[in-house]
Amino acid sequence: MGKNRAIESLSKLIGNTIVHKILVEKTSRPESTNYLESEEIEYRSQAIKKSKLYNWNERDIKLLKEEIAKKIENKFKDKYADIQVSEEEIRKLMDEEFEQLRIQY
């Protein structure tokens, strides 16, 4: 898999991790919490595996963050329109996720 496809795939995994993390915090259905948490963990573990396959430079990380932000925005616009999330919150969660994944350049 080329690096561009890896960025696309990894951005989807990280985006889904962040979406599920937000949903855990904002759900009005406590019975869904366990499922959402397990999905968050699964997406993160897949992202960790995929992120270790490549060396990431500054440009790659910028592209990755842009793709993640788009995917999260689209997910909330299309699927979870009733949940409001600020760009600042998304950026903060992205930074936390990158730190957990240890994606550095």
(message) Given 3.5 Å as the limit, does a donor-acceptor pair link the side chain of K21 with the main chain of N16, or not?
(response) no
(request) Output the distance between atom OG1 (T27) and atom CD1 (I22), rounded to the nearest 0.5 Å. (result) 13.0 Å
(message) So which atom in L10 and which in A47 form the shortest heavy-atom distance, rounded to 0.1 Å?
(response) CD1-O, 3.5 Å
(request) Grab the two heavy atoms, one from W56 and one from A6, that are nearest each other, plus how far apart they are. (result) CH2-CB, 4.5 Å
(request) Spell out, as yes or no, whether a donor-acceptor pair under 3.5 Å connects the side chain of K50 to the backbone of L13. (result) no
(message) Please enumerate all residues that pass side-chain contact (heavy atoms from CB on, under 4.5 Å) together with S86, with sequence neighbours excluded.
(response) E88, E89
(request) Could you tell me the separation between the CG atom of N57 and the NZ atom of K62, rounded to the nearest 0.5 Å? (result) 12.0 Å
(request) Check the hydrophobic clustering (I, L, V, M, F, W, Y; side-chain heavy atoms under 4.5 Å; chains of links allowed) and say if I41 and V24 are grouped together. (result) no
(request) Look up atom CD1 in I72 and atom CD1 in I18, then write down how far apart they are to the nearest 0.5 Å. (result) 4.0 Å
(request) Please list, chain by chain and in numerical order, all residues satisfying side-chain hydrogen bond (donor to acceptor under 3.5 Å, both in side chains) with E39, sequence neighbours excluded. (result) none
Just list the side-chain donor-acceptor pairs under 3.5 Å for residues 90-97, sequence neighbours left out, or say none.
residue, atom, partner, partner atom, Å
D95, OD1, K65, NZ, 3.2
E97, OE1, R44, NH2, 3.1
E97, OE2, R44, NE, 2.6

(message) Show me the pairs that pass ring pair (Phe, Tyr, Trp, His ring centres under 6.0 Å) and involve residues 14-42, at least two apart or across chains.
(response) H20-Y43
(request) Sequence neighbours left out, what passes side-chain contact (heavy atoms from CB on, under 4.5 Å) with K71? Give chain and number order. (result) E8, S11, K12, E67
(message) Has S9 got a side-chain atom pairing as donor or acceptor with R5's backbone, closer than 3.5 angstrom?
(response) no
(request) Identify the two heavy atoms, one from N55 and one from D60, that lie closest to each other, and give their separation to 0.1 Å. (result) O-OD2, 3.8 Å
(message) Does K77 form a side chain to side chain contact (heavy atoms under 4.5 Å, CB included) with N74? I'd like the steps, not just the answer.
(response) CA-CA 5 Å; K77 188 172 78 176; N74 288 338; 4.2 Å; yes
(message) Any heavy-atom pair between the side chains of I61 and F98 that's under 4.5 Å?
(response) yes
(request) Enter the distance from S28:OG to D82:CG here, rounded to the nearest 0.5 Å. (result) 7.5 Å
(request) May I have the step-by-step check of side chain to side chain contact (heavy atoms under 4.5 Å, CB included) for Y54 and I7, ending in yes or no? (result) CA-CA 10 Å; Y54 296 91; I7 288 172; over 6 Å; no
(request) Using the test side-chain hydrogen bond (donor to acceptor under 3.5 Å, both in side chains), find all partners of E31 that sit at least two apart in sequence or belong to another chain. (result) R29
